[in-house]
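Structure first, commentary second.
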Protein chains: 2
Amino acid sequence: MNLPPLVQSFVLHFGEMGSRWGINRTVGQIYALLYVSPEPLNAEQIVEALGISRSNVSMSLRELQAWNLVLLKHLPDDRRDFFTTPDDVWQILRTLAEERKKREVDPTLSVLREILMQQPASEAERHAQARMSEMHGLIEQLTTWYEDVKQLETDRLATLLTLGAKVTRLLEAKDKIVSLGRSKRTTEKG
Amino acid sequence: MNLPPLVQSFVLHFGEMGSRWGINRTVGQIYALLYVSPEPLNAEQIVEALGISRSNVSMSLRELQAWNLVLLKHLPDDRRDFFTTPDDVWQILRTLAEERKKREVDPTLSVLREILMQQPASEAERHAQARMSEMHGLIEQLTTWYEDVKQLETDRLATLLTLGAKVTRLLEAKDKIVSLGRSKRTTEKG
DNA sequence: TCGTCATTTCAGTAATTACTGAAATAACTG
DNA sequence: CAGTTATTTCAGTAATTACTGAAATGACGA
């Protein structure tokens with residue numbers, strides 16, 4: 001591996017993290033490298049930087065493209081492919097969320113729905129379906145929220161995040177008022 | 001594998017998904033099985049249900065315990081260990097979020113901080129640091145939000161999710177008012 | 001059309017990860 | 001304490017996944 005020390009630390013870390021996700025070491029490293037590179041890189045440059053085989057780079061780039069995490073660029077009078085990541089980290093986050101949802105959440109939702117359609121043939125199956133239904137409900141609620149916020153432009157999303165707690169406090173205040181009203185009525189009754 | 005058909009579908013699906021996460025097939029299957037079981041199960045029951053070795057069950061349960069995804073129970077006059085998952089799916093979600101953060105986000109944050117402390121020795125490193133700093137900022141914003149909302153009780157969290165879009169609409173309304181005010185003032189100046 | 005360069009494919013192999021069976025440990029009981 | 005049962009450990013092996021080098025494909029210009 002042939003990289004400036006700071007870049008190398010970053011690249012190695014992403015390699016290790018890669019295996020902690022579903023993604024593999026090389027894919028993680030290439031992504032990290034592209035992310036910090038000031039210019040788009042071609043396959044040969046990646047080979048040199050990471051010291052891995054040309055074919056491995058080819059396959060890993062293909063995987064990154066499948067994840068939509070990488071942009072393909074071309075320079076005039078040069079028929080090699082150059083790769084970068086989007087500049088905007090919020091955009092990257094969106095892509096990541098979308099792709100993980102597609103791969104990890106959607107299939108589960110559809111399996112759950114399919115199973116919930118079927119007639120339980122025993123008490124055990126009845127109970128299992130009830131549990132799956134709880135899971136299904138939770139996931140639906142989360143994805144509805146996600147579909148909602150993913151539309152937001154970056155600055156609004158940022159505001160929403162910063163607000164996070166404050167919205168909560170507002171809700172708490174509302175709850176207190178409501179419960180005050182309730183206890184007042186209870187008192188009046190008793 | 002010796003399970004009612006509906007349960008089996010669910011278990012097999014979780015096994016496959018398992019490998020898509022960092023977790024492995026067996027761990028995923030055991031978790032799914034425990035999740036839908038009406039009663040806590042002991043290791044031997046898991047062996048029979050899934051048709052895997054006793055030692056594999058032992059290791060996989062250990063992993064699930066490391067993730068805090070599983071509860072250990074004891075029956076009176078029985079010294080075997082019985083396992084369940086928490087009843088409350090929201091609690092499960094919280095645990096999952098917390099553990100994934102611990103494993104996937106925190107280490108990255110600390111690597112980023114460490115690198116950002118160092119003096120860049122070249123223009124390439126300077127640029128890399130700038131990129132890492134953007135990433136660091138984004139992750140910090142997300143984790144701050146997360147630390148905030150994870151405190152919420154279940155029903156408040158649910159409300160917050162349901163609200164998601166509406167809060168947004170409120171923000172949009174506020175933006176419009178602000179920008180109206182701004183353009184009015186601009187007009188007055190010109 | 002041929003030669004060159006860029007990329008992809010893929011069979012073979014290396015590396016890693018998952019799983020098993022046997023033995024060890026641990027926790028109890030008579 | 002010896003015997004029984006539950007669990008864990010771990011060396012060996014199976015299975016899976018990652019990676020390589022060589023060959024194939026494709027896309028161009030002469």
| task | Inspect the contact between A:Glu140 and A:Arg113 and indicate whether a charged nitrogen and a carboxylate oxygen are less than 4.0 angstrom apart. | result | yes

| Phosphate OP1/OP2 of C:dT8: any A:Ser58 side-chain N/O under 4.0 Å | yes

| remark: The residue, A:Gly22 or A:Ser55, whose nearest nucleotide of DNA chain D is more 5′ is A:Gly22

| message | Within the 4.0 Å heavy-atom criterion, would you say A:Asn24 contacts the bases, only the backbone, or no part of the nucleic acid? | response | sugar-phosphate

| Does A:Lys101 come within less than 4.0 Å of A:Glu98, counting only side-chain N to carboxylate O? | no

| query | Among side-chain atoms of A:Glu99 and A:Asn68, is any donor-acceptor pair under 3.5 angstrom? | reply | yes

| query | In whole angstrom, what separates A:Ile46's CD1 from D:dT20's P? | reply | 14 Å

| task | Would you tell me if any nitrogen or oxygen in the side chain of A:Arg62 comes within less than 4.0 Å of OP1 or OP2 on C:dT9? | result | yes

| note | Rounded to 10°, the helix from C:dT1-D:dA30 to C:dG30-D:dC1 deviates from straight, judged by its five-pair end axes, by 10°

| request: Scan B:Arg54 against the nucleic acid and name what it touches under 4.0 Å (heavy atoms): base, sugar-phosphate only, or nothing. | output: base

| message | Under 4.0 Å, heavy atoms only, any strand: does B:Arg80 hit a base, just the sugar-phosphate, or nothing? | response | sugar-phosphate

| Does B:Met59 or A:Asn42 map to a spot on DNA chain C nearer the 5' end, using the closest nucleotide for each? | A:Asn42

| task | Output the single nucleotide from D:dT7, C:dC19, D:dG26 whose closest atom is nearest the side chain of B:Asp81. | result | D:dT7

| said: For a quick check of understanding: with a heavy-atom distance under 4.0 Å over all strands, which category does A:Ser19 fall into, base, sugar-phosphate or nothing? | reply: nothing

| said: From CZ of A:Arg79 over to C1' of D:dA30, roughly how many Å is that when rounded to an integer? | reply: 13 Å

| field | Presence of salt bridge, A:Glu147 and A:Lys150, under 4.0 angstrom | value | yes

| field | First encountered from the 5' end of DNA chain C, between B:Val57 and A:Arg25 | value | A:Arg25

| Salt-bridged, A:Glu39 to A:Lys73, with N to O below 4.0 Å? | no

| said: Nearest whole Å is fine: how far is D:dA18 P from A:Leu50 CG? | reply: 16 Å

| remark: Contacts of B:Phe82 and A:Ser53 projected onto DNA chain D by closest heavy atom; the upstream (5') one is B:Phe82

| query | In the hydrophobic clustering that connects Ile, Leu, Val, Met, Phe, Trp and Tyr at side-chain heavy-atom distances below 4.5 Å, which members other than A:Phe82 occupy its cluster, ordered by chain and number? | reply | A:Leu75

| remark: Residue pairs passing the side chain to side chain donor-acceptor pair (under 3.5 Å) test with at least one member in residues 20-36 of chain A, sequence neighbours excluded, are A:Thr26-A:Asn56

